[in-house]
Amino acid sequence: MTGADYLLPLRTKLRSMRTESFGADPAGARMERIRRSPHFVDGAFQNPVGARIRPSGSTVEFAKTYFQKEQRALRTPNGAVPVHPTTLADLAAPPVSGLRLTWMGHSSVLAEIDGRRILFDPVWGERCSPFPFAGPKRLHPTPLSLAALGPVDVVVISHDHYDHLDLPTIRALAGTDTVFAVPLGVGAHLERWGVPAARMHELDWNETATVAGISLTATPARHFCGRGLRNGQHTLWASWVVAGPEHRIYHSGDTGYFPGFRDIGAEHGPFDATMIQIGAYSEYWPDIHMTPAEGMRAHLDLQGGRPHGVLLPIHWGTFNLAPHAWAEPGEWTKDAGEEADQPVAFPRPGEPFEPAGELPSDAWWRGVSRPVVPTWRSSGPGRVPDEAPEPERDLDLAGDR
């Protein structure tokens, strides 16, 4: 450090210490566009419905739940997760129906729709963290390498949290010809990591980009953003509607339940398939992640209030991000689907399926998980719980989700 370094503002010094994984802050013309957004108010992006974005409740009770030995054992599989080894043969022939989905784990999904290939929230890294030595580690291997995946027309990013926007994955995809569709502000991260601005569509809510005959619309979600210790809410979060000439699909990204699902469904639905977040929920952050019951309700809202299409559960099984049992999202979603008479697909990671064909329905997680107590059944499976009570105070243990 030189003598001149002491004259630098503290904020500049802190930024210089940030590793590349933290990405970049929006600036210049990008920041000016953010300021013009109707969803950017008082210096930050706002949710469509009020939401507490920091964990709430009793620190002591959370610690008891999170660190208790028996509870920790429930949060991981007790054997090897049965991953389908996706091969070129699985993906070589086009889908007979024109629509095929392959869940790669967590929120990563390859959607082959009307002759195009869309990759949602690709995370191939070993940890969802800015550091290679700490943070939630992958509980199963990726079903195939990015190189083996083949060409992708569009990569869609829902928001900039580490379990949805992964530096090594983006760097690998930056070297291809793929186009990126991202919410406002997220392009700053991608540019720092080598994605040319000319290959990006950076959208506000309800804006649409068209790529190779496929429309991609950023739609509202109830969540938050940020990759650093201080979160300025300067990058937007979104769900996504993707529509081709024959099919429509929806990816929720991360979101708490809110009435806006009905509006999205009325304007863009119904959908042949929805990919809905049903994991990493907790009573300590009820506004920013959905339970499986809320995920089922969101799907039905998107479909006009009735069972339709296929629900693919996402955001579970790959990383340990919440106090609930590892297998609970699968069990609860299965119950919720049966009660609502809604078809739900339960593929193993890497197992392709066509929503119009035979759905994977085996409860594969039961072979590698401890028994789950179905506490949700006490109020009826699939029932959306009453509004959460007013939280006691903020917690800082869980971090960004």
- Message: Run the ring pair (Phe, Tyr, Trp, His ring centres under 6.0 Å) test against F261 and tell me which residues pass, sequence neighbours left out.
- Response: Y257, F258

- Query: Residues in ring pair (Phe, Tyr, Trp, His ring centres under 6.0 Å) with W316, at least two apart?
  - Reply: W103, W364, W365

- Task: Write out all pairs satisfying side-chain hydrogen bond (donor to acceptor under 3.5 Å, both in side chains) with one or both partners inside residues 30-41, taking only residues at least two apart or from two chains.
- Result: R30-E191, R30-E202, E32-R35, R33-E207, S37-D204

- Message: Rounded at 0.5 Å granularity, tell me how far CE in M275 sits from CZ in F271.
- Response: 9.5 Å

- By side chain to side chain contact (heavy atoms under 4.5 Å, CB included) - contacts of P168 (at least two apart): D166

- Task: Any chance you could measure R52, atom CZ, to W285, atom CH2, to the nearest 0.5 Å?
- Result: 13.5 Å

Can you give each donor-acceptor pair under 3.5 Å made by side-chain atoms of residues 144-158, sequence neighbours left out, with the distance rounded to 0.1 Å?
residue	atom	partner	partner atom	Å
S145	OG	A148	N	3.1
D153	OD2	R117	N	2.8
S158	OG	D121	OD1	3.4
S158	OG	D121	OD2	2.7

- Heavy-atom closest pair (A111 atom, I249 atom, distance to 0.1 Å) is CB-CD1, 3.6 Å

- Note on the structure: Hits for side chain to side chain contact (heavy atoms under 4.5 Å, CB included) against P141, two or more places apart or cross-chain, chain-then-number order -> V83

- Kindly write out the residues that satisfy side chain to side chain contact (heavy atoms under 4.5 Å, CB included) with A80, not counting sequence neighbours, or none if the list is empty. none

- Residues forming a ring pair (Phe, Tyr, Trp, His ring centres under 6.0 Å) with F353, sequence neighbours excluded: none

- Query: What residues, two or more places apart in sequence or in another chain, satisfy side chain to side chain contact (heavy atoms under 4.5 Å, CB included) together with P352?
  - Reply: H84, D90, L91, R100, T102

- Item | Residues R199, D177: salt bridge by 4.0 Å N-O rule | no

- Item | Partners passing side chain to side chain donor-acceptor pair (under 3.5 Å) against T217 (at least two apart in sequence or in another chain) | T208

- Task: Run the ring-centre check on H324 versus Y281 and record whether the distance is less than 6.0 Å.
- Result: yes

- Message: Could you work out, with salt bridge (Lys or Arg N to Asp or Glu O under 4.0 Å) as the rule, every residue matching E354, not counting sequence neighbours?
- Response: none

- Message: Run the ring pair (Phe, Tyr, Trp, His ring centres under 6.0 Å) test against F120 and tell me which residues pass, sequence neighbours left out.
- Response: H251

- Query: How about Y250 and H299: are their ring centroids closer than 6.0 Å?
  - Reply: no

- Check the pair S129, Y162 against side chain to side chain contact (heavy atoms under 4.5 Å, CB included), reporting the backbone distance first and the verdict last. CA-CA 6 Å; S129 166; Y162 291 97; 5.6 Å; no

- Query: Between F180 and H201, does the ring centre distance come in under 6.0 Å?
  - Reply: no

